[in-house]
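First the structure, in the form of structure tokens, and then the observations on it.
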Number of protein chains: 2
Amino acid sequence: MSANSRLTIAAHALAWIGLYQRQGHEVATSEKIAASANTNPVVIRRLLGELRRAGLVESRRGAGAGWSLARELGSITLLDVYDAVEPGPLFAMHRTTPDQGCVVGHGIQPAMRGIYRDIEETLRDELARVTLEKVLGDVLAAPRRPL
Amino acid sequence: MSANSRLTIAAHALAWIGLYQRQGHEVATSEKIAASANTNPVVIRRLLGELRRAGLVESRRGAGAGWSLARELGSITLLDVYDAVEPGPLFAMHRTTPDQGCVVGHGIQPAMRGIYRDIEETLRDELARVTLEKVLGDVLAAPRRPL
DNA sequence: ATCTGCCGTAACCATTACTGTTACGACAGC
DNA sequence: GCTGTCGTAACAGTAATGGTTACGGCAGAT
């Protein structure tokens, strides 16, 4: 499906900011986050910009600028992040309208739409079950030195 | 996520072949299926080739060639089709290894892998719940003339 | 008032996946 | 042989993703 890493990187950034703030810092810079994720600061700023539009983070400009959480990690779920960074549906319909003169061509889109709706609903339930608090917990639970 | 229509088209083709066979025909041609899905026969042949590799359909060559089901529609699920036509995972990790010297960079991948594994397991359960028999039933249940 | 650091965003590029299309050899029944 | 269809390679167009450079704008520090 040509999966992308947007949800992963966004979760990484949120967990990083959350931990950074718990260590007493005010704001996190895109440069530091990018260094942790091993990517370019612009990539981080773009993603965090989408999270800001969704009300998950805030940004300050000027000197001493940076990013901070707009909500507690425990109140943010992967569904919030998913909705913020993933626009479209999981499965696409035909790119062109099927033959409406054919029984299958006529009925396939309503049929698949209903089926996909149920499946995506289940996916959303699962995403909503995972908070960023749990993500950070899992991150910190990773063994320091795998043998 | 840049969703594609592969699962939709594959389900369309299977439902079409199934209905065609119930109408007494032996084999379906990629040209007829493509006409119903309003696409190119090569697109259909490519997808059905993947379904053949998965043991869902069979193909005959030579004169009077075409495609037929290798299994009953009732025994084929959307998960079978999904596995046949969708190679990768739903969510991708970072494209480059995160900074292993950072606590978050070190723990994020194991954490997300575990979370994604659970979510994809749920998705697979949902896909396995839908048979192609049900898909065809939903197709035929679509209203003939929406007012 | 200027300096400085970082955001915000545009622009461009390389890579990849998907879909559509043409072309052509291979095969098997007639 | 003739014919119709598969099987597959090859190529093009479109789009998404991720990386990169560039630069204006903002606000606190000096």
Side-chain angles (χ1 to χ4, degrees), chain A residues 1-10 12-13 17 20 25-35 37-53 57-68 70 85-98, chain B residues 1-10 12-13 17 20 25-35 37-53 57-68 70 82 84-98:
Chain A
M1 183 98 70
S2 77
N4 63 49
S5 61
R6 299 166 68 79
L7 185 60
T8 302
I9 303 294
H12 186 147
I17 298 172
Y20 197 61
H25 299 91
E26 285 274 325
V27 295
T29 67
S30 63
E31 192 176 0
K32 285 203 178 73
I33 302 169
N38 194 12
T39 182
N40 191 290
V42 175
V43 173
I44 299 297
R45 289 207 291 269
R46 277 200 292 235
L47 272 175
L48 287 180
E50 297 175 40
L51 298 186
R52 177 163 43 79
R53 252 168 267 139
V57 300
E58 291 167 346
S59 66
R60 250 190 254 169
R61 311 189 61 169
W67 303 84
S68 54
V85 303
E86 293 287 356
L90 205 50
F91 301 110
M93 285 295 141
H94 309 63
R95 303 176 92 183
T96 58
T97 306
Chain B
M1 185 97 71
S2 78
N4 63 48
S5 61
R6 298 165 69 81
L7 185 60
T8 302
I9 303 294
H12 185 146
I17 298 172
Y20 197 61
H25 299 90
E26 286 274 326
V27 295
T29 67
S30 64
E31 192 176 359
K32 285 201 177 76
I33 301 169
N38 193 13
T39 182
N40 192 289
V42 175
V43 174
I44 300 297
R45 290 206 289 271
R46 278 200 290 235
L47 273 175
L48 287 181
E50 298 177 38
L51 298 186
R52 176 163 43 78
R53 252 167 268 139
V57 299
E58 290 165 349
S59 65
R60 250 190 254 170
R61 309 189 61 167
W67 303 84
S68 54
Y82 179 83
V85 303
E86 293 287 355
L90 205 49
F91 302 109
M93 285 297 140
H94 311 61
R95 303 175 94 184
T96 57
T97 306

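Computed from a predicted structure; not experimentally measured. Because only heavy atoms are used, hydrogens play no part in the values below, and waters and symmetry mates are left out as well, while side chains stay in. Every chain is numbered from 1 and lettered A, B, ... according to where its sequence line falls, protein lines coming before strand lines.
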Whether [X] contacts [N] is assessed here as follows: a side-chain N or O lying under 4.0 Å from the phosphate OP1 or OP2. Is that the case?
{"X": "B:Ser30", "N": "D:dC6", "value": "yes"}
{"X": "A:Ser5", "N": "D:dG18", "value": "yes"}
{"X": "A:Ser59", "N": "C:dG8", "value": "yes"}
{"X": "A:Arg52", "N": "C:dG8", "value": "yes"}

message: Nearest to the side chain of B:Ala63, heavy atoms from C-beta on, is which of C:dG29, C:dA26, C:dC7?
response: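 That would be C:dG29.
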message: Given D:dG18, C:dC18, D:dC26, identify the nucleotide with an atom nearest to the side chain of A:Arg61.
response: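 For the A:Arg61 side chain, the nearest candidate turns out to be D:dC26.
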message: Nearest 0.5 Å, please: how far is NE2 in B:His25 from CD1 in B:Ile17?
response: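 If I round to the nearest 0.5 Å, the distance is 13.5 Å.
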task: Look only at the side chain of A:Glu86 and the backbone of B:Met1, and say whether a donor-acceptor pair between them is shorter than 3.5 Å.
output: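 Side chain of A:Glu86 to backbone of B:Met1: a pair is present.
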Please write out the pairs of protein N or O atoms and N or O atoms of nucleotides 20-23 of chain C separated by less than 3.5 Å, giving the distance to one decimal.
from: C:dG20; atom 1: OP2; to: B:Thr39; atom 2: OG1; distance (Å): 2.5
from: C:dG20; atom 1: N7; to: B:Arg46; atom 2: NH2; distance (Å): 2.8
from: C:dG20; atom 1: O6; to: B:Arg46; atom 2: NH1; distance (Å): 3.4
from: C:dT21; atom 1: O4; to: B:Arg46; atom 2: NH1; distance (Å): 3.4

Parallel, tilted or perpendicular, as decided by the 30° and 60° cut-offs, for the rings of B:His94 and A:His12: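 Rings of A:His12 and B:His94: perpendicular, over 60°.
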task: Classify the angle between the aromatic ring planes of B:Tyr82 and A:Phe91 as parallel (below 30°), tilted (30 to 60°) or perpendicular (above 60°).
output: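 B:Tyr82 vs A:Phe91 ring planes: perpendicular.
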task: Find which nucleotide of DNA chain D each of A:Arg6 and A:Gly62 is nearest to by heavy atoms, and output the residue with the more 5' nucleotide.
output: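 Result of the comparison: A:Arg6.
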